[in-house]
Protein chains: 2
Amino acid sequence: MSGPRFEPVRTVRAYERIVEQVEEAIESGALCPGERLPSERDLMGQFSVSRSTVREALRVLQARGLVRSRPGDPHGAEVQPFSPAALHKSMTTLARVDELSLGELVQFRMVLDASANLLAARLRTDEQLAEMDAAIAGMRAAAEVGYDAFSAADIAFHDAVARASRNKLIQICTDVVRSIVLGLVSGKIAAAADREALMRQSIGHHEEVLAAVRAGDGLLAARLSRQTMYDYYVGYVPVDERPALRALLE
Amino acid sequence: MSGPRFEPVRTVRAYERIVEQVEEAIESGALCPGERLPSERDLMGQFSVSRSTVREALRVLQARGLVRSRPGDPHGAEVQPFSPAALHKSMTTLARVDELSLGELVQFRMVLDASANLLAARLRTDEQLAEMDAAIAGMRAAAEVGYDAFSAADIAFHDAVARASRNKLIQICTDVVRSIVLGLVSGKIAAAADREALMRQSIGHHEEVLAAVRAGDGLLAARLSRQTMYDYYVGYVPVDERPALRALLE
DNA sequence: GCTAGTGCACTGGTCGGACCAGTAGGCTAC
DNA sequence: GTAGCCTACTGGTCCGACCAGTGCACTAGC
């Protein structure tokens, strides 16, 4: 009964075809980071379209973080090395549209950080362990300076752990979600009256986590890191969201 | 010694200012999904720029998934509800550029799915439990039909678990990473000679996981789900990446 | 000889105008 | 009252133009 299966003809914009072709070239490795695209005027010849169309395609590619163009650059747009900037942008948008609550974000960080610690405890090298040591030393020193410095050292520690997990997706998501969370609460933390006590407590917690990582006890490291994160942020999470956070603690 | 601190003047393109303004309007809620932007010709008046500039801004907004324009639509571009499409796109790019290996992706799925199961075991409602039951029944029925149907039912189960976790970030990331993984391996699974045995085994594993969720045993559900995912995909992961996956298993 | 300075050719960013195919909704003819 | 046409408008694409900025070759000076 069914005749030849006709598929709906999807009209494809000219600039989309260009985006697809360039994207394909980059993803297939035909174009490597650092290499240059031809100039817009060359591209309009190669694709047989007008410059407006070429430019719209380049805008899309730039929005996706694949290329970057600079006015006056005689070499054309530059193919960018991958950066999680686009990922970061869309996740930030997601959070800002208020689709995501602070509780969900912190909960996600607890999940990611715990997993990173679990993996780090089992996969870390001695150099990575040294990095974590250095980061905690930095936290201790920075606590005397102020919250901003402390926060930076704190980030360095978590980054070292994430790197030790050897999972780039964990690293990227950790980075993205953390910066969103900090954007939401860093002002409140900096203004907190008892932030010195908070920082001192946090250093102690981090030392315990590191000890577990050093000992190779992944489960302990994961549990401690969850608890550390919980204690640090629970005060800023609305009361009705806290039970969901506690559901992650044993 | 240091005079007044001058910051470098960052030249901002006209179209970027437009993107920022519209983005702000959407993220602040001044523009809601479903609402329409003025026509391009109106916008060029409001922003005092040419239509090319307006269009470049719209291309960027469209690439970020915030608006969508249709040729001939007399009402102007439509503000889109948030969709993880942009997130998906950038993560897919990341995977295609080979920044992400299959091992890392599967490992990330293990982390997400285990967390979703842990939370689901502790937060699920009876309706959600019924959804999971239905999904497993669907898997059993679909296994007779073929791999595609089975895969769809499998997805339905994991989605139900993710929803029960009550964390939208987990749901979204689960969805995105899963579709990338499936894009990489679904062909191989469909072609596997022993896929019937694989499906039957997988159903059994899922039933065990669901039993743990039903019993409220979050730790068990998490461990079983990690193991299930590992067993299902380990055959497609390069041998040298497998130890990292096993590091997630107790 | 080499360096410092200049000029040029070309770039991307923006503008304005033009045409086309498509759509929605009002209007007309039945 | 309804079916079908008409029109005003849309977004997609093209063209040509101008500007400010950049890199490089060339030149003038040491």
Side-chain angles (χ1 to χ4, degrees), chain A residues 6-23 25-26 31 33-80 85, chain B residues 6-23 25-26 31 33-80 85:
Chain A
F6 293 122
E7 292 192 357
V9 187
R10 156 179 89 97
T11 88
V12 177
R13 297 347 63 47
Y15 76 88
E16 281 185 337
R17 310 276 301 267
I18 299 179
V19 169
E20 283 172 16
Q21 285 195 48
V22 178
E23 220 165 26
I26 293 177
L31 278 172
E35 285 192 73
R36 303 303 187 112
L37 258 47
S39 76
E40 296 179 358
R41 288 169 178 84
D42 278 352
L43 287 174
M44 61 185 273
Q46 294 189 33
F47 288 111
S48 294
V49 295
S50 74
R51 192 149 87 97
S52 326
T53 304
V54 168
R55 284 181 58 76
E56 291 190 24
L58 289 178
R59 285 285 86 80
V60 174
L61 290 167
Q62 183 161 346
R64 297 205 179 137
L66 294 176
V67 307
R68 198 174 59 106
S69 39
R70 227 168 15 117
D73 189 334
H75 296 114
E78 180 179 359
V79 177
Q80 294 291 106
Chain B
F6 292 121
E7 292 193 357
V9 186
R10 155 178 89 97
T11 89
V12 177
R13 271 111 215 161
Y15 75 89
E16 280 184 339
R17 309 276 302 266
I18 298 179
V19 169
E20 283 172 16
Q21 285 194 48
V22 178
E23 219 165 25
I26 293 177
L31 278 173
E35 284 192 73
R36 303 303 187 111
L37 257 50
S39 75
E40 296 179 357
R41 289 168 177 85
D42 278 353
L43 288 174
M44 61 185 274
Q46 294 189 32
F47 289 112
S48 292
V49 296
S50 73
R51 192 149 88 98
S52 326
T53 305
V54 169
R55 284 182 59 75
E56 291 190 26
L58 289 178
R59 285 286 87 78
V60 174
L61 290 168
Q62 183 161 346
R64 296 203 179 141
L66 294 175
V67 306
R68 196 174 61 103
S69 39
R70 223 170 18 117
D73 188 336
H75 297 112
E78 181 180 357
V79 177
Q80 294 293 104

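Naming: A, B, ... by sequence-line order, numbering from 1 per chain.
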- Phosphate OP1/OP2 of D:dT13: any A:Ser52 side-chain N/O under 4.0 Å: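 A:Ser52 to D:dT13 OP1/OP2: no side-chain N or O under 4.0 Å.
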- Message: Run the salt bridge (Lys or Arg N to Asp or Glu O under 4.0 Å) test against A:Arg51 and tell me which residues pass, sequence neighbours left out.
- Response: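 Scan of A:Arg51 (salt bridge (Lys or Arg N to Asp or Glu O under 4.0 Å), adjacent residues dropped) gives A:Glu40.
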- salt bridge (Lys or Arg N to Asp or Glu O under 4.0 Å) against A:Arg41, all qualifying residues, sequence neighbours excluded: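 If we apply the salt bridge (Lys or Arg N to Asp or Glu O under 4.0 Å) test to A:Arg41, skipping adjacent residues, there are no hits.
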- Close residues, residues 43-50 of chain B, relative to DNA chain D [heavy-atom separation under 4.0 Å]: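 Here the set is empty: none.
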- Query: Quick one, which residues of residues 55-66 of chain B touch DNA chain D with a heavy atom under 4.0 Å?
  - Reply: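 The answer is B:Arg55, B:Arg59.
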- Item | Residue list, side chain to side chain contact (heavy atoms under 4.5 Å, CB included) with B:Pro38, at least two apart or on another chain |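 Partners of B:Pro38 by the side chain to side chain contact (heavy atoms under 4.5 Å, CB included) criterion, ordered by chain and then number, come out as B:Asp42, B:Leu43, B:Gln46.
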- Taking side chain to side chain contact (heavy atoms under 4.5 Å, CB included) as the test, write out the residues that go with A:Ala25, two or more places apart.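 Applying side chain to side chain contact (heavy atoms under 4.5 Å, CB included) to A:Ala25 gives A:Ala30, A:Leu31.
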- Message: Heavy atoms only, 4.0 Å cut-off, all strands: where does B:Arg41 land among base, sugar-phosphate and nothing?
- Response: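 Answer is base: heavy atoms of B:Arg41 come under 4.0 Å of a base.
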Result block: side-chain N/O donor-acceptor pairs under 3.5 angstrom for residues 58-69 of chain A, not counting sequence neighbours:
unit_1, atom_1, unit_2, atom_2, d
A:Arg59, NE, B:Tyr15, OH, 3.1
A:Arg59, NH1, B:Glu56, OE1, 2.8
A:Arg59, NH2, A:Gln62, OE1, 2.9
A:Arg59, NH2, A:Ser69, OG, 3.4
A:Gln62, OE1, A:Ser69, OG, 3.2
A:Arg64, NH1, A:Glu23, OE2, 2.8

- Message: What range of DNA chain C does chain A touch, first nucleotide to last, counting atoms under 4.0 Å from its heavy atoms?
- Response: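 First-to-last contact on DNA chain C, by the 4.0 Å heavy-atom rule, is C:dT11 to C:dT14.
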- Those residues that, when tested against A:Arg13, pass side-chain hydrogen bond (donor to acceptor under 3.5 Å, both in side chains) (two or more places apart):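 If we apply the side-chain hydrogen bond (donor to acceptor under 3.5 Å, both in side chains) test to A:Arg13, skipping adjacent residues, there are no hits.
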- Task: Could you list the residues that satisfy side-chain hydrogen bond (donor to acceptor under 3.5 Å, both in side chains) with A:Arg17, not counting sequence neighbours?
- Result: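 Applying side-chain hydrogen bond (donor to acceptor under 3.5 Å, both in side chains) to A:Arg17 gives none.
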